[in-house]
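Numbering starts at 1 and runs along the sequence shown.
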Amino acid sequence: MSSNKKGGDERFLRVQKDPRFWEMPERERKIDKRFQSMFHDKRFTEKYTVNKRGRPINQTSTEDLKHFYNVSSSEDEDDDEEGVKSKKKKEVKEELVKVEIEVKVEKEVKVKVEKEVKVEKEVKEELVKVEIEVKVEKEVKVEKEVKVEIEVKEELVKVEIEVKVEKEVKVKVEKEVKESKDVKAEGPPSERGVRVIEEDELVRYTAAEKTFAVRKGLPVYLLAASICQGVEEQIPHLTAAYVHPDTFLARSLEQHAWKFDRVTGEALVVVHIGTDDVASGLSPAAIVGQMEALIDRIQHGHAEPLYVAVCSILPRLVDNQRTMGTVRDTNRRFHELCRRKKDTIHLPTGKLFLHHRQIIQNYFTGDGVHLNVEGKKVLFNYLKTFLWHFCKHS
């Protein structure tokens, strides 16, 4: 109702003057800023599910407010500005979250890549190690093959030399036998490659291109290891037999060689030592060097000849490929040593225990080291035959 409207009941004149009952003029519809928040604040928002007639609707109290209040464009702009700011803020926040996620993912990817690079580096290093090991293994294999090939060639050369020497000796023996048919032989037959001529008091013994003029029945001494135990029973009339179990050439040089300083006149010393030196791992050169030193010590200071007969080292069943090679090489060097040294002869006793380059097992005891009765019989019979032909020792 308008404030300037007149007439009516006096009782209600008060109402006409009271502003609370006035109609709001159309030109004054601006909402106070204090109440503008009710259009977007959730505290002023209520959701309706049905209308006043009970029909289902989907409406809020904000829409009613907009219906009853004509919101100015400036208010809309303020709301829009606030919405835009809120939206931008939200977008910025989302962008920051995305950036953080991307940074985190990038860090994880970087860590993963570093791990992969590290693993790849370790794999490469391992591959390099494996390649080096394979290369070294190949080189070792090739070196072994070359070494085996060289050893085989050397062995073949040795066999060829032995065959050649054997043929030459055979021819020489046949020639000597033909020339000495008129010589009367006594005792057991001489070994192959040996020539014996008897005179009144001397025996001329020729072997390995060396001739010895030896007095008949001269004293005979034996210096040996345990392999010659029991020799006194098989070879009687030995002047002395020095048998020392488990002895070495160096030990015999220090402890036993002095015994021959007491020998006077012409005599023969048979030496059968060296098996334990081979087992100890000494090289053929070292063994031959010690044997030469022992021979020099035995012959030292004697005016008359003191002959030394060096027996070959016997092969044993316990010998492996290395020790068998040492035995063969040492015996070959013994032969060369005795050829060049004065009053020295080599006795190839090792061949008695081989058949087609294989060791005869029946000559050894169960330990494969010592000779049994049959083996000692073979060795001692050979020594008896040699002594008979060398100096008519019976």
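- A salt bridge between R340 and E292 is present, with a side-chain N of the basic residue lying under 4.0 Å from a carboxylate O of the acidic one.
- When all heavy atoms of I313 and N331 are compared, the closest pair comes out as N-OD1, 2.8 Å.
- Here the closest heavy-atom approach between residue V269 and residue L306 is recorded as CG2-CD1, 4.1 Å.
- When every heavy atom of V318 is checked against every heavy atom of D367, the shortest pair comes out as CG1-O, 3.3 Å.
- With respect to V310, the side chain to side chain contact (heavy atoms under 4.5 Å, CB included) criterion is satisfied by exactly one of L294, I295, L347: I295.
- In summary, the side chains of T45 and T60 do not present any donor paired with an acceptor at a separation below 3.5 Å, with no hydrogens or angles considered.
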CA sep, side-chain torsions, deciding dist, call: D277, S280, side chain to side chain donor-acceptor pair (under 3.5 Å):
CA-CA 5 Å; D277 293 272; S280 68; 5.1 Å; no
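- Side chain of S61 to backbone of F44: a donor-acceptor contact under 3.5 angstrom is found.
- At least one donor-acceptor pair under 3.5 Å links the side chain of K376 to the backbone N or O of Q229.
- Among all heavy-atom pairs drawn from D246 and R251, the shortest one is O-NH1, 2.9 Å.
- The backbone N or O of K341 lies less than 3.5 Å from a partner atom in the side chain of K210, making a donor-acceptor pair.
- Residue I273 comes nearest to M291 through the heavy atom pair O-CE, 3.7 Å, listed as atom of the first residue, atom of the second, then distance.
- T330 places no side-chain N or O within 3.5 Å of a backbone atom of V327 that could act as its donor or acceptor partner.
- Of the candidates K167, R357, K351, R357 is the only one forming a salt bridge (charged side-chain N to carboxylate O under 4.0 Å, His left out) with E162.
- With hydrogens and angles disregarded, a donor-acceptor distance shorter than 3.5 Å links the side chain of T349 to the backbone of S312.
- Taking CD of E151 as the reference point, atom CD of E149 lies at 11.0 Å (rounded to 0.5 Å).
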